[in-house]
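Note that the numbering runs from 1 along the sequence shown for the chain.
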Amino acid sequence: MIDEEIPDQGIRLRSPNADEGGAMWSVARDTQTLDLNSSYLYMLLARDFADTCVIAEHEGRIVGFASGYRRPRHPEVVFLWQVGIRPRLQGQGLGKRLIAAFLRQPGADRASMLETTIAPDNEASRALFQSMARELDTDCQISPCFRAEDFPDNGHSAEELFTIGPYRPSALNQLAP
């Protein structure tokens, strides 16, 4: 399990404990941009998917997280579901560090592809993932995934699938620690 320090920011990146799903939910809520799922889902992520989740802790408080899972029918793919960071810490490179730690988690071991979905108007996330593909010295393919009309709730935008890879496991060392 991951346990890393970001000394210049006083932030510790680590695997979540089973009882920290509620704090992950709070971070997602506070971003005011992520799809907010039930608190129960975040509790399950912290308990059952800790090897594919990372939290950022600052002064004993959870200030960010990355969550995802290994695709069961495609074990070479690790899917990054959400990256949430409290607003006061956004724009400081923490998202990239969370994703790098996510890719080094035991649940991502021996994966060679990273997938995520991003709304077409989310320029910051699009740029981040394209930058990560360059750092991993691999491709970033963008393809349709879910159309806006696929979502049962009104007002949800389309989601495009970003596929980064294949990457070499040794390339992960090139990402921010």
Side-chain angles (χ1 to χ4, degrees), residues 1-18 20-37 42 45-46 49-70 77-119 122-140 142 162-177:
M1 298 292 207
I2 215 81
D3 193 350
E4 302 173 355
E5 295 288 330
I6 307 174
D8 58 321
Q9 295 178 343
I11 293 175
R12 178 179 171 210
L13 302 178
R14 62 175 176 80
S15 301
N17 295 319
E20 293 177 315
M24 291 168 62
W25 178 87
S26 294
V27 170
R29 179 200 60 209
D30 291 351
T31 67
Q32 298 183 352
T33 57
L34 289 177
D35 286 340
L36 185 60
N37 298 278
Y42 294 93
L45 286 168
F49 294 92
D51 64 344
T52 54
C53 291
V54 177
I55 60 167
E57 183 180 37
H58 182 258
E59 297 177 352
R61 186 167 179 235
I62 295 174
V63 296
F65 73 92
S67 64
Y69 56 88
R70 195 69 169 261
V77 176
V78 63
F79 184 85
L80 180 63
W81 177 47
Q82 283 187 319
V83 176
I85 300 168
R86 291 201 185 275
R88 67 181 176 82
L89 293 172
Q90 292 175 0
Q92 300 176 32
L94 183 54
K96 184 176 181 181
R97 287 179 183 242
L98 279 163
I99 297 166
F102 168 82
L103 289 171
R104 290 192 298 272
Q105 277 285 68
D109 188 42
R110 293 190 288 280
S112 61
M113 305 288 280
L114 169 64
E115 286 185 345
T116 195
T117 60
I118 303 174
N122 188 339
E123 292 300 324
S125 289
R126 297 170 75 82
L128 172 62
F129 281 90
Q130 290 169 333
S131 166
M132 293 197 75
R134 285 190 300 276
E135 286 188 37
L136 289 169
D137 193 29
T138 193
D139 295 327
C140 179
I142 304 170
F162 280 58
T163 304
I164 297 174
Y167 56 83
R168 297 176 323 284
S170 61
L172 298 178
N173 298 328
Q174 298 172 45
L175 297 174

Exercise for the section: List the atom of Met24, the atom of Ala46, and the distance in Å for their closest heavy-atom pair. Expected result: SD-CB, 4.1 Å
Practice task
Decide yes or no on side chain to side chain contact (heavy atoms under 4.5 Å, CB included) for Cys140 and Arg134, but give the supporting numbers first.
Solution key: CA-CA 8 Å; Cys140 179; Arg134 285 190 300 276; over 6 Å; no
Completion exercise
Sorted by chain and residue number, the side-chain hydrogen bond (donor to acceptor under 3.5 Å, both in side chains) partners of Asp3 (sequence neighbours excluded) come out as Arg12
Fill in the blank from the handout: CD1 (Ile164) and CD (Glu115) are apart, to the nearest 0.5 Å, by 10.0 Å
Handout entry: Heavy-atom closest pair, residues Ala171 and Leu136
Key = O-CD2, 3.6 Å
Exercise for the section: Taking Ser15 for its side chain and Asp51 for its backbone only, find out whether a donor-acceptor pair lies under 3.5 Å. Expected result: no
Handout entry: Phe102 vs Val83 side-chain heavy atoms within contact, under 4.5 Å
Key = no
Practice task
Examine distances only and state if a side-chain atom of Gln105 and a backbone atom of Ala50 form a donor-acceptor pair shorter than 3.5 Å.
Solution key: yes
Problem - Residue pair Ile55 / Val27, side-chain heavy-atom distance below 4.5 Å - result: no
Practice task
Under the side-chain hydrogen bond (donor to acceptor under 3.5 Å, both in side chains) rule, collect the residues that match up with Asp109, sequence neighbours excluded.
Solution key: none
Exercise for the section: For Ser131, check side-chain hydrogen bond (donor to acceptor under 3.5 Å, both in side chains) against everything at least two apart and list the hits. Expected result: none
Problem - For Thr163, all residues meeting side-chain hydrogen bond (donor to acceptor under 3.5 Å, both in side chains), sequence neighbours excluded - result: none
Handout entry: Short side-chain to backbone donor-acceptor contact, Arg14 and Glu5, under 3.5 Å
Key = no
Handout entry: Phe79 side chain reached by Thr117 side chain, heavy atoms, under 4.5 Å
Key = yes
Completion exercise
Correct closest heavy-atom pair for Arg61 and Arg88 would be NH1-NH2, 4.0 Å
Handout entry: Approximate separation, where rounding is to 0.5 Å, of Ile11 CD1 and Ile6 CD1
Key = 5.0 Å
Fill in the blank from the handout: The reported gap from CZ in Arg126 to CD1 in Ile118 (rounded to nearest 0.5 angstrom) is 6.5 Å
Handout entry: Smallest separation among heavy atoms of Arg104 and Leu172, with atom names
Key = NH1-O, 3.8 Å
Handout entry: Nearest heavy atoms of Val54 and Leu13, plus distance in Å
Key = CG1-CB, 4.1 Å
Problem - Partner residues of Leu128 under the side chain to side chain contact (heavy atoms under 4.5 Å, CB included) criterion, sequence neighbours left out - result: Lys96, Ile99, Met132
Handout entry: From CD1 (Ile85) to CG (Leu94), nearest 0.5 Å
Key = 4.0 Å
Fill in the blank from the handout: Correct closest heavy-atom pair for Asn37 and Gln82 would be ND2-NE2, 3.8 Å
Exercise for the section: List the steps, then state whether salt bridge (charged side-chain N to carboxylate O under 4.0 Å, His left out) holds for Arg97 with Glu4. Expected result: CA-CA 10 Å; Arg97 287 179 183 242; Glu4 302 173 355; over 6 Å; no
Completion exercise
So the salt bridge (charged side-chain N to carboxylate O under 4.0 Å, His left out) pairs with at least one residue in residues 163-172 (sequence neighbours excluded) are none
Practice task
Decide yes or no for Leu45 and Phe65: does some side-chain heavy atom of the first lie under 4.5 Å from some side-chain heavy atom of the second?
Solution key: no
Exercise for the section: Please check if atom CZ in Phe49 has more than 12 non-hydrogen atoms from other residues, nucleotides or ligands closer than 6.0 Å. Expected result: no
Practice task
Examine distances only and state if a side-chain atom of Thr116 and a backbone atom of Phe162 form a donor-acceptor pair shorter than 3.5 Å.
Solution key: no
Practice task
Answer yes or no: is there a donor N or O on one side and an acceptor on the other, between the side chain of Gln9 and the main chain of Gln92, under 3.5 Å?
Solution key: yes
